[in-house]
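Residue numbers count from 1 along this sequence. Values below: all heavy atoms of this structure, side chains included; hydrogens, waters and symmetry mates excluded. None of these values were measured; they are calculated from a predicted model.
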Amino acid sequence: MITALEKGNLTLAAKYFVPEIREAESEDMNKLNGANLLADLINSLKNLGDGRLLNSSHYRYEVRDETGQPVTDIDLIKNKAGLWKISSL
């Protein structure tokens, strides 16, 4: 996803989300891009620490701010094809 965002390919980046939220996340990424804030998202994704496996099909990354305080989670789920997709960002 990071490479797609760095190349400005928001259509490809949206494919990393589960289908249920893909359209909404695509719109959000377009808004970030229009506001010149896409680099902030890219930097946040690049600076993710280690995540943790919650169960065999659910993985979570905790996003922290500059002070180390948690600000949000990024959840991934494994789909039926065995691919990890972002279910919340």
Side-chain angles (χ1 to χ4, degrees):
M1 179 174 168
I2 293 170
T3 301
L5 289 171
E6 288 176 330
K7 292 180 178 181
N9 190 340
L10 302 182
T11 302
L12 178 58
K15 292 182 180 182
Y16 286 86
F17 292 92
V18 294
E20 297 83 8
I21 64 169
R22 190 172 291 152
E23 185 176 333
E25 293 296 339
S26 179
E27 290 173 9
D28 288 346
M29 286 187 293
N30 278 302
K31 288 177 186 174
L32 288 173
N33 191 37
N36 294 317
L37 296 172
L38 201 55
D40 292 343
L41 174 59
I42 294 167
N43 287 333
S44 292
L45 293 172
K46 283 184 172 183
N47 292 318
L48 286 177
D50 292 333
R52 67 185 185 279
L53 190 64
L54 301 177
N55 59 47
S56 62
S57 62
H58 191 180
Y59 198 86
R60 176 170 290 156
Y61 288 98
E62 190 173 72
V63 180
R64 296 180 175 270
D65 65 14
E66 311 80 41
T67 67
Q69 296 300 311
V71 291
T72 190
D73 293 326
I74 298 176
D75 292 327
L76 292 90
I77 59 169
K78 191 181 288 187
N79 66 15
K80 292 180 183 178
L83 300 173
W84 290 96
K85 298 287 182 176
I86 300 168
S87 61
S88 71
L89 180 66

Shortest non-hydrogen contact between L53 and W84, atoms and distance: CD1-CH2, 3.9 Å

Nearest-0.5 Å distance, CG of residue L10 to CG of residue L32: 9.0 Å

V18 versus S87, closest heavy-atom pair with distance: CG2-CA, 4.0 Å

Atom pair CD1/OG1 of I74 and T72 - distance to nearest 0.5 Å: 7.0 Å

Trace of the side-chain contact (heavy atoms from CB on, under 4.5 Å) decision for L45 with L5: CA-CA 10 Å; L45 293 172; L5 289 171; 3.8 Å; yes

Distance (rounded to the nearest 0.5 Å) between M29 CE and L89 CG: 8.5 Å

Least distance between heavy atoms, Y61 atom then L48 atom: CG-CD1, 4.0 Å

Side-chain (N43) to main-chain (A39) donor-acceptor, under 3.5 angstrom: yes

Whether over 12 other heavy atoms sit under 6.0 Å from E23 CD: no

Test item: S26 side-chain N/O and R22 main-chain N/O as donor-acceptor pair under 3.5 Å: no

Heavy-atom donor-acceptor pair, D73 side chain to D75 backbone, under 3.5 Å: no

Minimum-distance pair of heavy atoms, taken over all atoms of I86 and I21: O-CD1, 3.8 Å

L83 CG to Y16 OH distance, which is reported to the nearest 0.5 Å: 10.0 Å

CG on L37 to CD1 on I42, rounded to 0.5 Å: 11.0 Å

Electrostatic pair E6:K46 at N-O distance under 4.0 angstrom: yes

N-O pairing of E62 and R64 below 4.0 Å: yes

Cluster check V63, L54: I/L/V/M/F/W/Y, side chain < 4.5 angstrom: no

Check: K15 main-chain N/O paired with K85 side-chain donor or acceptor under 3.5 Å: yes

Atom pair CG (D28) and CZ (F17), whose distance is rounded to the nearest 0.5 Å: 8.5 Å

